[in-house]
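Here the structure is laid out as structure tokens; the discussion comes afterwards.
Just so we're on the same page: letters track the sequence lines, and every chain starts at 1.
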Protein chains: 2
Amino acid sequence: MAEKLTIRDIARLAGVSKATVSRVLNQKPDVDPATRERILRVMEEQGFVPNIAASGLAGGRSRLLGALIPSLTWPLIPELMRGVGEVVGATPYELILYSINDVNHEKDRSDIISRIVRTRLVSGLLAVFPGPSAKYLAALHSRSFPVLLIDDQGIPPENTPWISVDNRVGAYEATRHLIRLGHRRIAHIQGPLKYQVSHDRYRGYCDALEEAGIPLDPALVLEGDFMPQTGRACANAFFDLPPERRPTAIFAGSDYMAYGAIAAAEQRGLRVPDDVAVVGFDDNPSSAHMEPPLTTVRQPFYEMGRRAAEMLLAFVEASRMMHHPSQNGQFASVTPSAAVFDPPVRVKMPTSLIIRASCGASRHLHSPSEQGGGDRSR
Amino acid sequence: MAEKLTIRDIARLAGVSKATVSRVLNQKPDVDPATRERILRVMEEQGFVPNIAASGLAGGRSRLLGALIPSLTWPLIPELMRGVGEVVGATPYELILYSINDVNHEKDRSDIISRIVRTRLVSGLLAVFPGPSAKYLAALHSRSFPVLLIDDQGIPPENTPWISVDNRVGAYEATRHLIRLGHRRIAHIQGPLKYQVSHDRYRGYCDALEEAGIPLDPALVLEGDFMPQTGRACANAFFDLPPERRPTAIFAGSDYMAYGAIAAAEQRGLRVPDDVAVVGFDDNPSSAHMEPPLTTVRQPFYEMGRRAAEMLLAFVEASRMMHHPSQNGQFASVTPSAAVFDPPVRVKMPTSLIIRASCGASRHLHSPSEQGGGDRSR
DNA sequence: CTGAAAGCGCTTACAG
DNA sequence: CTGAAAGCGCTTACAG
């Protein structure tokens with residue numbers, strides 16, 4: 001097994017200088033094809049792998065990307081990171097995980113981020129739900145340190161590259177689906193209103209109602225906190241309404257709250273979806289296995305992760321090129337164009353409605369959806 | 001904002017040499033307290049953070065730890081990584097995530113691991129469920145590259161440090177709990193028998209039965225694949241048995257299979273836990289929210305993550321000391337390995353039984369458990 | 001197309 | 001207790 005091989009060993013073995021070995025390592029042009037071949041062969045034979053820390057130091061850039069994430073135990077993060085990991089894994093870059101925010105998503109972590117940047121370990125930062133730290137990250141980016149935000153808290157400051165989900169449309173489609181199934185009294189359990197995403201989903205809900213000419217009933221809208229407990233509580237409040245005002249469907253702002261709503265229904269002997277239809281938002285891994293399986297709005301986290309990694313990589317390569325304009329991109333797949341710092345740096349990913357049993361779709365699919373919307377309460 | 005501060009700047013500002021700054025950075029003794037204070041103050045004022053790649057290069061070791069994990073989307077991994085991250089975050093070390101194995105847990109990834117080691121980026125490796133790569137990792141460790149395995153595939157090769165869960169005892173306790181509730185016909189859905197963990201859990205199940213003098217009925221043991229579908233299929237097979245041979249309780253080798261068993265029961269109009277009690281294994285985050293909430297055996301992944309990180313860190317520091325025995329000469333030249341490389345390098349973590357509604361505990365808790373074990377089928 | 005040399009930011013014997 | 005110097009493994013102008 002190869003022991004502590006360095007570029008110098010390869011140079012000696014191939015009968016060239018370290019500089020030339022370095023050139024083929026970095027895929028520079030202007031190396032004699034025969035020489036290149038020879039060096040490549042020696043490296044292969046010896047199983048040489050360059051010391052990534054040394055290259056970073058010497059080249060003034062690193063092949064490390066940092067990911068700032070809130071708790072890994074939040075269900076969507078692993079899915080997101082799977083996408084990121086897959087893209088990064090196909091490049092010479094490595095991923096460093098900074099799990100911050102774990103306790104308190106509201107806190108400004110500029111101090112920690114600042115430390116991270118100053119160690120110069122990573123040459124780009126991917127920040128997932130940065131919260132109040134978004135501002136600091138934006139400032140970093142404006143000082144040309146590559147940053148990419150994945151967030152849903154409205155517009156990021158200072159044109160920082162940003163990926164989000166189209167929450168409004170997702171909620172709109174979910175609500176419209178319920179309307180098409182014949183529901184007129186559709187309740188909505190909101191997420192915490194301190195999050196922009198809760199407002200976006202609420203707006204989608206309102207838009208669908210309005211489009212169908214259904215007046216908004218304020219009694220059918222309650223605020224939860226994304227967790228099952230409040231889903232249960234809100235649903236119970238709906239069920240306590242006088243019969244003619246009770247909803248026949250509930251659109252919850254998260255799958256967890258939908259679980260709570262289903263549990264509340266079952267406790268009262270209401271059948272889902274026969275007595276009340278339920279739709280969630282998120283498509284947690286477990287939602288397909290609930291009883292009944294939950295209809296929900298899937299957020300494309302895996303795809304977002306991929307997209308985010310691709311974009312960040314492009315920025316990193318671009319900023320590297322700005323410092324060494326002489327050479328062209330290492331791996332073309334990741335360097336889309338010279339104009340990487342131009343739009344689109346703002347991507348809004350589409351959601352998709354996943355129809356399962358909890359909304360009763362199967363039973364109603366055959367009846368035309370344009371039936372005028374009579375009350376279907378039984 | 002501080003721009004590209006180096007140790008040289010700090011040295012100049014503090015009126016000392018780079019060497020002395022380096023000494024306080026590395027907390028070496030033999031620095032005049034006043035000098036140390038002064039340097040510390042300057043670093044603080046300037047917001048200096050050392051370049052971690054340069055220290056690694058110069059010192060011949062890195063402050064990076066690698067984590068080799070299978071898919072992050074496997075529910076227990078995030079929990080594990082939360083523990084790891086918390087411990088590592090409290091040290092000057094950083095964590096690099098290598099998400100390998102994603103597609104195929106059976107594959108030997110020695111090639112990838114070898115590359116990782118040869119980049120010399122990380123100074124220690126934490127491998128979660130390494131599968132066939134365990135052998136290569138063991139070889140690494142025997143060549144004194146710090147490695148820590150988290151696995152449940154039986155004894156690791158070559159005394160590699162290793163953390164696992166006591167699956168046998170976990171299964172034993174779950175089964176015993178069902179026995180105490182009065183069950184005599186307890187079925188078991190095994191995980192895939194190619195995994196050691198499935199055998200361990202089966203053994204715990206057998207042990208509990210034997211202890212209670214309940215003969216093992218082979219018809220009540222079926223092999224699943226950890227996923228809900230097979231849980232459903234196996235449960236259906238049990239329900240198809242003639243009434244007197246049907247189980248009154250099912251102990252599933254995973255929560256997912258328990259979900260499937262519950263779904264199968266519901267489809268037949270059997271109530272859980274009244275008609276059939278169900279217990280799982282894992283305590284997935286969603287298991288508390290199932291209807292009914294699932295009684296299950298919790299695996300202490302968070303604690304395992306913490307423990308694993310602590311142990312790996314200890315090995316890394318120890319191997320570092322072996323290369324520079326001069327400092328803090330605790331385990332200097334005598335027998336450097338003695339203190340740290342010795343037991344306990346094998347840790348078996350205890351599980352805990354989480355009692356929720358699906359086993360019917362609440363209803364039976366008041367009846368004495370030593371009632372002689374009459375058939376309670378209704 | 002290629003090599004010699006300087007340098008990236010830090011650490012570590014080696015001498016005081 | 002402290003400094004000058006060499007060196008970690010690589011990259012990059014600068015000269016050919």
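For B:Asn159, there are no side chain to side chain donor-acceptor pair (under 3.5 Å) partners at least two apart in sequence or on another chain. For B:Ala308, the side-chain contact (heavy atoms from CB on, under 4.5 Å) partners two or more places apart in sequence, or in a different chain, are B:Leu126, B:Leu148, B:Ile150, B:Ile163. For B:Ser55, there are no side chain to side chain donor-acceptor pair (under 3.5 Å) partners, not counting sequence neighbours. A search for side chain to side chain donor-acceptor pair (under 3.5 Å) contacts involving A:Thr119 returns nothing, not counting sequence neighbours. With sequence neighbours excluded, no residue satisfies side chain to side chain donor-acceptor pair (under 3.5 Å) with B:Tyr98. Take B:Arg306 and apply the salt bridge (charged side-chain N to carboxylate O under 4.0 Å, His left out) test, not counting sequence neighbours, and it matches B:Glu86. Contacts of B:Glu45 classified as side-chain contact (heavy atoms from CB on, under 4.5 Å), with partners at least two apart in sequence or in another chain: B:Arg41.
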Can you name the atoms? Protein N/O to nucleotides 4-8 of chain C N/O, anything below 3.5 Å, with the distance.
from: C:dC8; atom 1: O2; to: A:Ala58; atom 2: N; distance (Å): 3.1

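An OP1 or OP2 oxygen of C:dT11 is reached within less than 4.0 angstrom by no side-chain nitrogen or oxygen of B:Lys28. Dashed line: the shortest gap from a side-chain N or O of A:Thr35 to OP1 or OP2 of C:dC1 is not under 4.0 Å. At the phosphate of C:dC10, neither OP1 nor OP2 sits under 4.0 Å from any side-chain N or O atom of B:Ser55. Under 4.0 angstrom from either OP1 or OP2 of C:dT2 there lies no side-chain N or O belonging to A:Thr20.
For the salt bridge (Lys or Arg N to Asp or Glu O under 4.0 Å) condition, the pairs that include at least one residue of residues 10-21 of chain B, sequence neighbours left out, are B:Asp9-B:Arg12.
Residue A:Asn51 is classed as a sugar-phosphate contact, given heavy-atom separations below 4.0 Å to backbone atoms only. Heavy atoms of A:Val21 sit nowhere under 4.0 angstrom from any nucleic acid atom.
In this structure the side chain of A:Val128 reaches within 4.5 angstrom of the side chain of A:Pro70, judged on heavy atoms.
Contacts of residues 38-45 of chain B with DNA chain D (heavy atom under 4.0 Å): none.
Spacing between atom CG of A:Asn26 and atom P of D:dC10 amounts to 11 Å, rounded to whole angstrom units.
Which of C:dT11, D:dC10, C:dT2 sits closest to the side chain of A:Ile7 comes down to D:dC10. Side-chain proximity of A:Asp32 to C:dC1, C:dT12, C:dG9: nearest is C:dC1. The side chain of A:Val31 has C:dT2 as its nearest neighbour among D:dC1, C:dT2, D:dT11.
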(request) Convert the base pairs of DNA chain D into dot-bracket notation, remembering that pairs crossing earlier ones are written with [ ] and that bases paired across to another strand are shown as |; include only Watson-Crick or G-U pairs under 3.5 Å. (result) |||.||||||||.|||
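C:dC14 and C:dC10 are spaced 24 Å apart, taking the P atom of each and rounding to whole Å.
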Which donor-acceptor pairs under 3.5 Å do the side chains of residues 31-38 of chain A make with protein atoms, sequence neighbours left out?
from: A:Asp32; atom 1: OD1; to: A:Ala34; atom 2: N; distance (Å): 2.8
from: A:Asp32; atom 1: OD1; to: A:Thr35; atom 2: N; distance (Å): 3.3
from: A:Arg36; atom 1: NH2; to: A:Lys28; atom 2: O; distance (Å): 2.6
from: A:Arg38; atom 1: NH1; to: A:Ala14; atom 2: O; distance (Å): 2.3

